[in-house]
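Presented below is the structure to which this report refers.
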2 protein chains.
Amino acid sequence: MAKETGRMSRTTIGESIDRNSFEPAYIQLVYILKKQVASGELRAGDRLPSESQICMQYKVSPMTVRRAINILSDQGVVDTAQGRGTFVKPLKLSTASFHLMELQEIFNNDRTNVSILEARIISADQKAALKLKVPEGERIIYIRRLLSRGDDPLLYHRECLVYDPERAVVESELEVTSLRCLFKGEESSDFKYGELSIEVTVINREEAEILQAQEGSAAFNLEHIFYDYSENPVSWGWFICRGDKLRFTSTLGFRSKEV
Amino acid sequence: MAKETGRMSRTTIGESIDRNSFEPAYIQLVYILKKQVASGELRAGDRLPSESQICMQYKVSPMTVRRAINILSDQGVVDTAQGRGTFVKPLKLSTASFHLMELQEIFNNDRTNVSILEARIISADQKAALKLKVPEGERIIYIRRLLSRGDDPLLYHRECLVYDPERAVVESELEVTSLRCLFKGEESSDFKYGELSIEVTVINREEAEILQAQEGSAAFNLEHIFYDYSENPVSWGWFICRGDKLRFTSTLGFRSKEV
DNA sequence: TAGTGGTCTAGACCACTTA
DNA sequence: AAGTGGTCTAGACCACTAG
């Protein structure tokens, strides 16, 4: 939060930039402008003061104002139109974006543990062959994992990996590879890129047993494919999560308190 | 895409910035650096050349390099560390974000039509009263809509609106208000902010009939609450969409072709 | 101490919109 | 023609990291 130079004021008019703050001027300016939107001082469709006006008002250089406005534009708060001005964007449902933070919590929590239910070499069926771009019948690695917290099952993961004889697969690796590193994102993974999709599904008998859920209840299905640096698929898998244990949330715009 | 000044080259080394291009220098620089990541020339964990090196190499000012790197940082492609350098970020599953573009298509398509199945004034039950922050039993507006394309039902929407005697609700408004404007986002809406959540559900008898789906099959449930400028809830509703008609997709990192 | 990224200045020139 | 945003320069000073 921006440090206040003067006394606390209700309105944001007159708020100024503190050059001694640990926060850079452009960030303070972003907060000031956002607060004006959040408080309703500036509403959807309204035009912001021109850049030169803002320069004078807050005693900063054009580049600093530019940078603040670029950030607001990136965040979808305003739209700029050359020659016309900068305008506050109206809400738009389809610009909402959902993050996997809800899932991240599961992976980052130390109390979450991963157990391998099964790991063996199988021959690729039609679907796996298609996804992994290997010939049908090719030997691939198949892993089933359960992520849980205490006695509470959270995610049921099934994964197919291309079998690389060069790289021996050790038990410890199974637990870590492609799961831990993907969610934590600390180590540099061997994957170049990946594709994800979220679908809905109805829990079948096997899944119901493992997740201690009711057969026929709704669940999320998060499918993933990861590719190596040669752009060949390496891992294809999917997470099943009970519908009553997960929801994705998002906010459009912001309320006064948030800024 | 950046216009090429010289001949086409396989490697990105030696690629330069075209000052006559319609694309600004900093954008060209973003593309050049991204291409180096996408091609595998720069891999997760690698350090980028220092800013001053990039300045010299591409003959641009420090601020231009700064800007390009800021953009890459915003996009999650690199991480910067003061005093150490700029590094290519490894993939991280939890940073994936899903957009509602798949839904946007439904709303922006001209062939999609909205029909009102029911619109009447009811008295708020416990749940609606809670969501809309009105006393239980208060008169509210209840609307059921079906979005379809031709004979193909897409979304079943139910919505509760606070009843504002000041503002008469006319039929034409019902169709447009809070739906069209929310998805198109062209007109400035009366909403200050909104909360969205995605859950999974199993289709019940009524929904099955309306969506021509099978009872007991899986579906998405997109719930929304919108607030006015006084930060009071105005609209609470939810969209039901057959699971086999919708999936949310996302990509982590990028393949060579994409840049 | 040398090198890195982080911020910021005080302008300049351009393209565009509106009147 | 006047005003707007869009880009860019050529430095400056600072804070941080590493050898």
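Protein chains get the first letters and strands the later ones, always in sequence-line order, with residue 1 at the start of each. Hydrogens, waters and symmetry mates are skipped; everything else that's a heavy atom, side chains included, is used.
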Heavy-atom side-chain contact between [X] and [Y] under 4.5 Å:
{"X": "A:Gln36", "Y": "A:Val88", "answer": "no"}
{"X": "A:Leu196", "Y": "B:Thr251", "answer": "no"}
{"X": "B:Ile32", "Y": "B:Tyr58", "answer": "yes"}

[N] [atom2] sits how many Å from [X] [atom1], rounded?
{"X": "B:Asp79", "N": "D:dT17", "atom1": "CG", "atom2": "P", "value": "14 Å"}
{"X": "A:Gln53", "N": "D:dG5", "atom1": "CD", "atom2": "P", "value": "8 Å"}
{"X": "B:Phe87", "N": "D:dA18", "atom1": "CZ", "atom2": "C1'", "value": "11 Å"}
{"X": "A:Arg47", "N": "D:dG3", "atom1": "CZ", "atom2": "P", "value": "12 Å"}

Open item on the list: Requiring both pairing distances under 3.5 angstrom, list the stems that contain DNA chain D and are made of three or more consecutive Watson-Crick or G-U pairs.
Closed with: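 Paired runs of 3+ in DNA chain D: C:1-18 with D:1-18.
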
TODO: Mind listing the closest non-hydrogen atom pair of B:Ser235 and B:Leu161 along with its distance?
DONE: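 Smallest heavy-atom distance, with atoms named: CB-CD2, 3.5 Å.
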
TODO: Taking the six-membered ring for Trp and the single ring otherwise, decide whether the centroids of B:Phe191 and B:Phe226 are under 6.0 Å apart.
DONE: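 Yes, ring centres under 6.0 Å apart.
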
Open item on the list: Is the distance from the ring center of B:Tyr193 to that of A:Phe254 below 6.0 Å?
Closed with: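 That pair fails the under 6.0 Å test.
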
Find every protein N or O atom lying less than 3.5 Å from an N or O atom of nucleotides 8-16 of chain C, and list the pairs.
unit_1 : atom_1 : unit_2  : atom_2 : d
C:dC8  : OP1    : A:Ala25 : N      : 2.4
C:dC8  : OP2    : A:Ala25 : N      : 3.4
C:dC8  : OP2    : A:Tyr26 : N      : 3.4
C:dC8  : O3'    : A:Arg19 : NH2    : 3.3
C:dT9  : OP1    : A:Arg19 : NH2    : 3.1
C:dT9  : OP2    : A:Ser61 : N      : 3.0
C:dT9  : OP2    : A:Ser61 : OG     : 2.8
C:dT9  : OP2    : A:Thr64 : OG1    : 2.6
C:dC16 : O4'    : A:Gln82 : OE1    : 3.1

- [ ] Give a yes or no on whether the backbone of A:Lys35 and the side-chain of A:Ser39 come within a donor-acceptor separation of less than 3.5 Å.
- [x]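 Indeed, once roles are kept as given, a pair shorter than 3.5 Å links the two residues.
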
Task: Whether A:His157 and A:Phe239 hold their rings parallel, tilted or perpendicular, with breakpoints at 30° and 60° - done: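 Aromatic pair A:His157/A:Phe239 classed parallel.
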
Open item on the list: Evaluate A:Arg247 against A:Glu102 for salt bridge (Lys or Arg N to Asp or Glu O under 4.0 Å), listing each step before the verdict.
Closed with: CA-CA 7 Å; A:Arg247 59 155 64 183; A:Glu102 285 90 348; over 6 Å; no

TODO: Please state whether the phosphate of C:dT4, meaning OP1 or OP2, lies under 4.0 angstrom from any side-chain nitrogen or oxygen of B:Thr86.
DONE: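 Result: no.
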
Open item on the list: Does anything in residues 69-77 of chain A come within less than 4.0 Å of DNA chain C? Heavy atoms only, and list the residues if so.
Closed with: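 None - not one residue of the stretch has a heavy atom sitting under 4.0 Å from the strand.
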
Open item on the list: So, applying salt bridge (charged side-chain N to carboxylate O under 4.0 Å, His left out) with B:Lys131, which one of B:Glu159, B:Glu223, B:Glu195 is it?
Closed with: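 Testing each of B:Glu159, B:Glu223, B:Glu195 against B:Lys131, the sole residue satisfying salt bridge (charged side-chain N to carboxylate O under 4.0 Å, His left out) is B:Glu223.
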
Task: Under-4.0 Å salt bridge between B:Arg149 and B:Glu105 - done: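 Salt bridge: yes.
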
